[in-house]
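Accompanying notes for the structure given below.
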Amino acid sequence: MANPQRPADGDEPLTWSERAVFRETYAEDWQDLCVFLRARFGRGPPDPEDVAQQAFVKLGERPADQEHENPRGFVFRVAINLARNALRRQLRAYHLVSASAPALEPDAEPDAERALIAKQELDLLKGVVRAMPPRHRRFLTANRVAGLSFAEIARQNAVSEALVRKTVAEAVAACQRALDGDPIDFRGLSRERHRRP
């Protein structure tokens, strides 16, 4: 397999997302992975498309010089693990709520602590979205706030649908890392490339 080209500035390490084989794997296997996840884990939650996006983000974040004999196998394995982990979290939450259900009484108003936590998470996410590169912020907002499909966003911005999917997946992953308390490094996101006239 040919070595990936170095970036023009040479400062940032290349990731798999910049390799042609990543784009080929994404184009060929995205739909298959979503169908597989839906058949194995149901329609969600977790949402099969979100899990597939996260799996491809994991592949895209790998160092470009790290070879994979089977990129398809890698994203399928990562997606299975992500879906299983999400289902385990849901099951734990269900058991926790079920165990405490007899002691719970309906609240006339939302619990102040929960409302405060929700506000803090919302403020955190607003800050993360504001700090994103413009394309990531624009595509995420169009998809998750305005409800536009990937195809509609691609048409409006004269880019490929695959680029929109990848960009939204990276933005969603950054938000999830922030909610998990992990550091966010926007240098790992795919860079915007400007076409020359």
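Not measured: the values here are computed from a predicted model.
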Checklist line | Between SG on residue Cys175 and NE2 on residue His136, distance to nearest 0.5 Å | finding: 11.0 Å

Next item on the list: In sequence, state the C-alpha distance, the side-chain angles, and the governing distance for Arg40 and Ile80, and then conclude on side-chain contact (heavy atoms from CB on, under 4.5 Å).
Entry: CA-CA 9 Å; Arg40 183 154 182 180; Ile80 289 169; 3.5 Å; yes

Checklist line | Ile153 and its side-chain contact (heavy atoms from CB on, under 4.5 Å) partner, picked from Thr141, Leu148, Thr167 | finding: Leu148

Check: Applying salt bridge (Lys or Arg N to Asp or Glu O under 4.0 Å), which residue pairs with at least one partner in residues 72-83 are found, sequence neighbours left out?
Finding: Asp29-Arg72, Asp32-Arg72

Item checked: Single-linkage hydrophobic cluster, 4.5 Å side-chain cutoff, Val75 and Val57 together -> no

Checklist line | Val129 side chain near Arg137 side chain, heavy-atom distance below 4.5 Å | finding: yes

Check: How would you list, by chain and number, every residue that makes a side chain to side chain contact (heavy atoms under 4.5 Å, CB included) with Ala79, sequence neighbours excluded?
Finding: Leu33, Leu37, Val51, Ala55

Item checked: Sequence-distant partners of Asp47, side chain to side chain contact (heavy atoms under 4.5 Å, CB included), two or more places apart -> Glu49, Asp50

Check: About how many Å separate CZ of Arg23 and CG of Leu163, when rounded to the nearest 0.5 Å?
Finding: 10.5 Å

Notebook entry, point to check: Who pairs with Asn85 by side chain to side chain donor-acceptor pair (under 3.5 Å), at least two apart in sequence or on another chain?
Noted result: Arg88

Item checked: Results of salt bridge (charged side-chain N to carboxylate O under 4.0 Å, His left out) for Glu24 - residues two or more places apart only -> none

Check: In terms of hydrophobic clusters joined by side-chain contacts under 4.5 Å, are Val159 and Met132 together?
Finding: yes

Next item on the list: For Val172, enumerate each residue passing the side chain to side chain contact (heavy atoms under 4.5 Å, CB included) test, keeping only those at least two apart in sequence or located in another chain.
Entry: Leu140, Arg144, Val168

Check: With Ser160, which residues qualify under side chain to side chain donor-acceptor pair (under 3.5 Å), at least two apart?
Finding: none

Margin query: Can you list everything that forms a ring-ring contact (aromatic ring centres under 6.0 Å, His included) with Phe76? Sequence neighbours excluded, please.
Written below: Phe36

Next item on the list: Could you tell me which residues satisfy side chain to side chain donor-acceptor pair (under 3.5 Å) with Gln54, sequence neighbours excluded, listed by chain and number?
Entry: none

Margin query: Just to verify, what does Arg165 make a salt bridge (charged side-chain N to carboxylate O under 4.0 Å, His left out) with, not counting sequence neighbours?
Written below: Glu161

Notebook entry, point to check: Should Phe22 and Phe56 be marked as a side-chain contact (heavy atoms from CB on, under 4.5 Å) after you check the CA-CA gap, both sets of side-chain angles, and the distance that decides it?
Noted result: CA-CA 9 Å; Phe22 175 83; Phe56 274 99; 4.2 Å; yes

Check: Do Asn143 side-chain atoms and Phe139 backbone N/O form a donor-acceptor pair below 3.5 Å?
Finding: no

Checklist line | Interatomic spacing from CD in Gln31 to OH in Tyr26 - rounded to 0.5 Å | finding: 10.5 Å

Margin query: Run the side chain to side chain contact (heavy atoms under 4.5 Å, CB included) test against Pro71 and tell me which residues pass, sequence neighbours left out.
Written below: Trp16, Val21, Thr25, Leu59, His68

Checklist line | Residues in side chain to side chain donor-acceptor pair (under 3.5 Å) contact with Gln156, at least two apart in sequence or another chain | finding: none

Next item on the list: Write down the atom of Glu18, the atom of Leu14, and the distance for their closest heavy-atom approach.
Entry: OE1-CD2, 3.3 Å

Next item on the list: Give, for atom CD of Glu170 and atom CZ of Arg135, the distance between the pair rounded to the nearest 0.5 Å.
Entry: 7.5 Å

